[in-house]
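FYI, side chains are in, hydrogens and waters are out, and symmetry mates aren't considered; it's all heavy atoms of this structure. Note that the structure is predicted; figures quoted are calculated from it, not measured.
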Amino acid sequence: MSELRRLVALALTCMIVAGASGVAAGVAAAPVQTKRQAELNILRSPLYFWRAGLHGFIRSRTRTFRTNVTVICNGGRGTSLQAHIFVCVLRYRRKTIGVRYSALGKYAFRLRIIPHSASR
């Protein structure tokens with residue numbers, strides 16, 4: 001009977017250690033989004049740019065992006081198209097804005113406007 005208890009205790013210990021290491025690996029991994037998803041998320045958040053005072057990119061009546069505003073994001077590891085941080089550029093006519101896009105989860109993100117001198 002004691003041999004069976006030892007085996008059960010050993011099995012439970014192994015399962016707990018394996019589960020804890022899997023949870024730790026999941027927490028340590030950075031959230032990953034695709035380049036395309038980052039570009040679409042930026043285009044879906046015009047209110048951020050309106051509040052930042054970048055009214056040239058936004059229609060004043062509807063608070064939506066003007067027609068022909070383009071977003072191009074760059075980043076990732078090597079040739080991969082997935083990352084958790086992208087540097088994106090918004091363009092409308094001759095105006096250009098640099099934005100740092102940080103993925104916070106599967107759908108969440110944070111935007112930060114890059115100063116003009118660093119965006120060129």
Side-chain angles (χ1 to χ4, degrees):
M1 214 42 158
S2 64
E3 191 69 30
L4 181 61
R5 286 184 183 174
R6 285 185 195 156
L7 286 175
V8 170
L10 180 63
L12 286 174
T13 306
C14 290
M15 287 175 35
I16 291 171
V17 169
S21 65
V23 169
V27 171
V32 175
Q33 294 182 7
T34 63
K35 173 183 158 182
R36 178 75 174 148
Q37 186 176 6
E39 293 169 351
L40 290 174
N41 285 341
I42 290 173
L43 288 174
R44 290 179 183 138
S45 57
L47 192 57
Y48 173 82
F49 297 96
W50 180 263
R51 288 180 180 162
L54 302 169
H55 302 281
F57 290 81
I58 310 294
R59 292 186 190 109
S60 59
R61 278 192 187 157
T62 60
R63 300 289 201 278
T64 58
F65 278 109
R66 294 182 184 272
T67 307
N68 297 331
V69 171
T70 59
V71 178
I72 299 172
C73 293
N74 294 314
R77 297 175 295 269
T79 59
S80 174
L81 296 177
Q82 294 186 342
H84 65 281
I85 295 177
F86 292 101
V87 176
C88 304
V89 176
L90 277 81
R91 288 192 178 101
Y92 176 69
R93 295 186 181 174
R94 293 185 182 194
K95 298 175 184 174
T96 303
I97 298 174
V99 177
R100 183 176 189 259
Y101 178 97
S102 302
L104 301 178
K106 189 173 182 181
Y107 303 107
F109 60 94
R110 179 179 294 145
L111 295 176
R112 185 173 179 190
I113 296 175
I114 299 172
H116 183 67
S117 60
S119 65
R120 287 190 178 223

Q: Can you establish whether the number of heavy atoms outside Arg63 located under 6.0 Å from its atom CZ is more than 12?
A: yes
Q) Atom CG of Asn68 and atom CZ of Arg91: how far apart are they, to the nearest 0.5 Å? A) 13.5 Å
Q: Just say parallel, tilted or perpendicular for the rings of Trp50 and His55, cut-offs at 30° and 60°.
A: perpendicular
Q.
Please find the pair of heavy atoms, one from Ala38 and one from Phe86, that lie closest to each other, and give the distance.
A. CB-CD1, 3.8 Å
Q. Shortest non-hydrogen contact from Asn41 to Phe109?
A. CB-CE2, 3.6 Å
Q: Ignoring hydrogens and angles, tell me if any N or O in the side chain of Glu39 forms a donor-acceptor pair with the backbone of Cys88 under 3.5 Å.
A: no
Q) Does atom CZ of Arg59 have more than 12 heavy-atom neighbours, drawn from other residues, nucleotides or ligands, at distances under 6.0 Å? A) yes
**Q.** Identified side-chain contact (heavy atoms from CB on, under 4.5 Å) partner of Tyr48 from the options Ile42, Leu54, Ile113, Ile58
**A.** Ile113
Q | Donor-acceptor under 3.5 Å (Gln33 side chain, Ser102 main chain) | A | no
Q | Flag side-chain contact, heavy atom, 4.5 Å: Thr96 against Leu90 | A | no
Q.
Do Leu43 and Tyr92 land in one hydrophobic cluster if side-chain heavy atoms of ILVMFWY residues count as linked below 4.5 Å?
A. yes
Q.
For the aromatic rings, using the six-membered ring if either is Trp, is the centroid distance between Phe49 and Phe57 under 6.0 Å?
A. no
